[in-house]
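We name chains A, B, ... by the order of the sequence lines, and we start the count at 1 in each one.
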Amino acid sequence: MISIKNLQASIEDKEILKGIDLEVKAGEVHAIMGPNGSGKSTLASVLAGREDYEVTGGSVTFENEDLLELSPEERAQKGIFLAFQYPVEIPGVSTTNFLKTAINQVREARGEKALDAVNFLKLMKEKMKLVDIDQSLLSRSLNEGFSGGEKKRNEIFQMAMLEPKLSILDETDSGLDIDALKIVADGVNTLKTNNTATIVVTHYQRLLDYIVPDYVHVLYKGRIVKSGDKSLALEFEEKGYDWIKEEVAAV
Amino acid sequence: MSTDDQILEEFTSKEYEHGWSVDFEADEAPLGINEDIVRFISAKKEEPQWLLDWRLKAFDQWKQMKEPNWANIKYPKIDYQSIRYYSAPKQDKKPQSLDEVDPELLKTFERLGISLQEQKRLTGVAVDAVIDSVSVATTFKDKLSELGVIFCSFSEAVQEHPDLIKKYLGSVVPANDNYFAALNSAVFSDGSFCFIPKGVRCPMELSTYFRINAANTGQFERTLIVADDDSYVSYLEGCTAPQRDENQLHAAVVEIYAAKNAEVKYSTVQNWYPGDKNGKGGIYNFVTKRGICSGDHSKISWTQVETGSAVTWKYPSCILKGDHSVGEFYSVAVTNNYQQADTGTKMVHLGKNTRSRIVSKGISAGKSQNSYRGQVEVMKRAEGARNFSQCDSLLMGDKCGAHTFPYIDIKNKSAQVEHEATTSKIGEDQIFYCQQRGIDEETAVALIVNGFAKEVMNKLPMEFAVEAQKLLALTLEGSVG
């Protein structure tokens, strides 16, 4: 689905990603772990097309298309979804109104007819059940005054509504208590199909108890220094990140 | 350039949609102003002597007044002798019904999206259409008159209802109130008059549509709304002008009189030509709007969406004279490119337990300057007066300015006055968040701006709200940068 080759990116001339290689196929869940400042969130942002970052080398192919050529909205329209670490507040715009605008622009870009109010509400109801979100939250201004848990749940709800091919969860677990974490993970698991893929970016192993990855990659100083299966994540749980730092230093 | 700036830049490059003009034969006064011009206009309108005298007195007072310079706006000195004070599309005789109106004129309004023919059929909104100096058509007159509602052009009201005009003209905005009001009083050519009798709830929105068409012409219209005891009316005002390189002057006066228990809602969508991207041309909009809540429990509510004009100087105000009367001001002012707006309100609390509410949303983009100027005055006798003011500014890009000038003057200890103000910037984060969900930059900006202005937009009548939303987006098109 997505093929990342030797991806390099910098912000304000500071090199953050120093050559990332990653291959994600449909049906797979990949976890990207690593200490703070290793470039995890940068990778998520670069894939979503945030313009603060300058791609200085490498390539990203998404469904046989050069992803780096596309604007952020085109990437979203083609099925890339980023669950934000810090969801942004938009005063005066309800989640409902926001999603209606988004869905209809995505449909328009795909040459599909806009959803009318009736069908949109139907879709909302269906997805609300799926991620267990309350109607009252959706009529409030987007993310304004939401608790940390509400914000993250709202991200997953948006993901459910937009039905992306590739979902990137950027530290979705940060700031969540265990109950909220379960709800978010349940949502992600429910939405998972053989045709979709997920990249979970996380600092802690605990989210991976609930969203079980097929592969775990460790990002350190802008490079993937270790890849493995779920047991790799458990190793971190026990040893912390220091052993990776030592290992890399020794090379 | 940051993303913010680029989006802003693209957004602002959108052209003014109503910039065309139509050639119809016009009946004009020579350029410039003097006593003869005042007499000429009055004669054209076949006005009674008292009204001519009123105009001449206003003209005398205007000559002795100075143009105000306290507002946060800069513009070249206006040459009052190079303006034409009267221009009327020529019609052979005064039309008796819409069917007799010059088809070219009707077409003009159709291009503006206001089909007068259509309006005739649809219920819901009655329209008085004013081109340059005269009213060309008023719809629904018959239906309204069954209820005793008078809705007609100002000139017609002078002929048909002289007693009402004599009683209320200048009663809220005296002829010598300020420089521009005095000028208007001397040379006003037309406008709308509306009278709602006792106990009548006007069943449809009344609307005046203003259009400046002729070159070098100033527009000086006057609107007078009188709501008798226990009556209600909702009034809409819209305006556009052709795109011209020269600046044109618009100096209007609106007076509202609300008697006991009466309620008047006045909504404006102001879309005068704002000038081009480099600040060339555009309307100078110097308007005096004031309402008096004369009777107890009366209410006047101003809602305005200001997107046009090169320069806006406008402070729709309420004098809360009746006990328990209520004044409201809801405003969205958008400025882009080199536009300048100095707008706000004045709430004067005279009566007991009077309440006022001010919600102002300023949006600045490009190199524009947007100022809120408001005054809350609580007089000695106004026991229990309350005011709440909220002024929010939204900045797009880093070359524009937002300013807030709140004045509070309290002479009664029991008053409760609250003022809240915020300034924010459309964030790159917000735009990126929208984009990540598949929304393009322009739609994202429109969404964010409409969200910011929502509290005010919600106050607009349905018929206007959609148009106003589109207008907001259009005004800012090309402006995120």
Side-chain angles (χ1 to χ4, degrees), chain A residues 12 44-45 47-53 70-110 112 140-144 151 154-155 157-159 161-164 167-168 170, chain B residues 1-10 330 332 359 361 363 390 392-396 420 422-460 465-466 468-470 472-473 480-481:
Chain A
E12 287 162 1
S45 293
L47 293 179
R50 200 179 197 117
E51 287 178 33
D52 303 350
Y53 297 93
L70 303 176
S71 67
E73 63 266 30
E74 285 167 335
R75 297 179 198 202
Q77 288 157 4
K78 291 193 188 293
I80 289 186
F81 181 91
L82 173 65
F84 284 63
Q85 182 178 6
Y86 304 109
V88 178
E89 297 180 3
I90 306 187
V93 179
S94 66
T95 302
T96 307
N97 184 14
F98 176 71
L99 273 175
K100 194 161 186 219
T101 309
I103 283 184
N104 283 333
Q105 281 221 341
V106 168
R107 292 179 69 94
E108 195 188 320
R110 292 177 183 164
E112 295 163 6
R140 278 164 54 187
S141 288
L142 187 59
N143 292 321
E144 202 183 32
K151 282 184 185 172
N154 190 274
E155 292 291 290
F157 174 68
Q158 293 182 38
M159 182 173 132
M161 289 292 286
L162 288 159
E163 300 176 341
S167 304
I168 304 162
D170 187 9
Chain B
M1 234 191 323
S2 72
T3 337
D4 245 13
D5 294 325
Q6 280 160 12
I7 307 171
L8 261 167
E9 200 86 18
E10 288 156 27
Y330 297 98
V332 175
V359 178
K361 305 271 181 176
I363 302 160
Q390 187 183 333
D392 298 329
S393 307
L394 187 69
L395 295 164
M396 297 171 79
E420 285 177 17
T422 65
T423 301
S424 54
K425 239 186 119 169
I426 281 205
E428 244 174 81
D429 282 357
Q430 287 176 320
I431 291 170
F432 178 67
Y433 189 76
C434 294
Q435 285 180 299
Q436 210 302 306
R437 301 302 186 242
I439 300 169
D440 64 52
E441 281 174 350
E442 282 195 5
T443 312
V445 170
L447 197 71
I448 295 164
V449 166
N450 274 307
F452 173 77
K454 192 176 162 195
E455 201 182 337
V456 174
M457 302 300 247
N458 281 348
K459 297 287 168 186
L460 285 175
V466 178
Q469 268 191 23
K470 282 189 199 146
L472 274 195
V480 182

| query | Closest approach of A/Val88 and B/Asp429, non-hydrogen atoms and distance? | reply | CG2-O, 3.7 Å
| query | If every non-hydrogen atom of B/Gly451 is compared with every non-hydrogen atom of A/Val93, which pair is closest and at what distance? | reply | CA-CG2, 3.7 Å
| Part of A/Arg75 within contact of chain B (heavy atom distance under 4.5 Å) | neither
| remark: Applying a strict 4.5 Å limit to non-hydrogen atoms, the region of A/Leu99 in contact with chain B is neither
| query | Are A/Asp52 and B/Glu428 side-chain neighbours, meaning at least one heavy-atom pair lies under 4.5 Å? | reply | yes
| query | Hey, is OH on A/Tyr53 packed in by over 12 heavy atoms from elsewhere, all under 6.0 Å? | reply | yes
| query | Any donor and acceptor pair, going by atom type alone, linking the side chain of B/Gln435 with main-chain N or O of A/Glu73 inside 3.5 Å? | reply | no
| Counting only N and O atoms by type, is there a donor-acceptor contact under 3.5 Å from the side chain of B/Gln436 to the main-chain atoms of A/Ala83? | no
| message | Under a 3.5 Å distance rule, please check whether B/Arg437 uses its side chain to pair with a backbone N or O of A/Leu82 as donor and acceptor. | response | yes
| From B/Ser424 atom OG to A/Glu89 atom CD, the distance as rounded to the nearest 0.5 Å | 11.5 Å
| remark: Rounded to the nearest 0.5 Å, the NZ atom of B/Lys454 sits from the OG atom of A/Ser141 at a distance of 5.5 Å
| request: Could you look at A/Pro164 and say if it's the side chain, the backbone, both or neither that has a heavy atom under 4.5 Å from chain B? | output: neither
| message | Would you say that A/Pro91 contacts B/Gln430 through its side chain, given a criterion of any heavy-atom pair below 4.5 Å between the two side chains? | response | yes
| request: Over all heavy atoms of both residues, which pair between A/Gly49 and B/Phe432 is shortest? Give the atoms and the distance, please. | output: C-CE1, 3.8 Å
| Any side-chain heavy atom of A/Glu74 sitting closer than 4.5 Å to one from B/Asp440? | no
| request: Write down the atom of B/Gly438, the atom of A/Ala76, and the distance for their closest heavy-atom approach. | output: N-CB, 3.3 Å
| task | Side-chain contact test, heavy atoms from C-beta onward, threshold under 4.5 Å: evaluate it for B/Ile439 versus A/Phe98 and give yes or no. | result | yes
| message | Working to the nearest 0.5 angstrom, can you tell me the gap between A/Asn97 CG and B/Asn450 CG? | response | 9.0 Å
| request: Report, as yes or no, whether the 6.0 Å neighbourhood of atom CD on A/Glu112 holds more than 12 heavy atoms from other residues, nucleotides or ligands. | output: yes
| task | Give, as side chain, backbone, both or neither, the part of B/Tyr433 having an atom under 4.5 angstrom from any heavy atom of chain A. | result | both
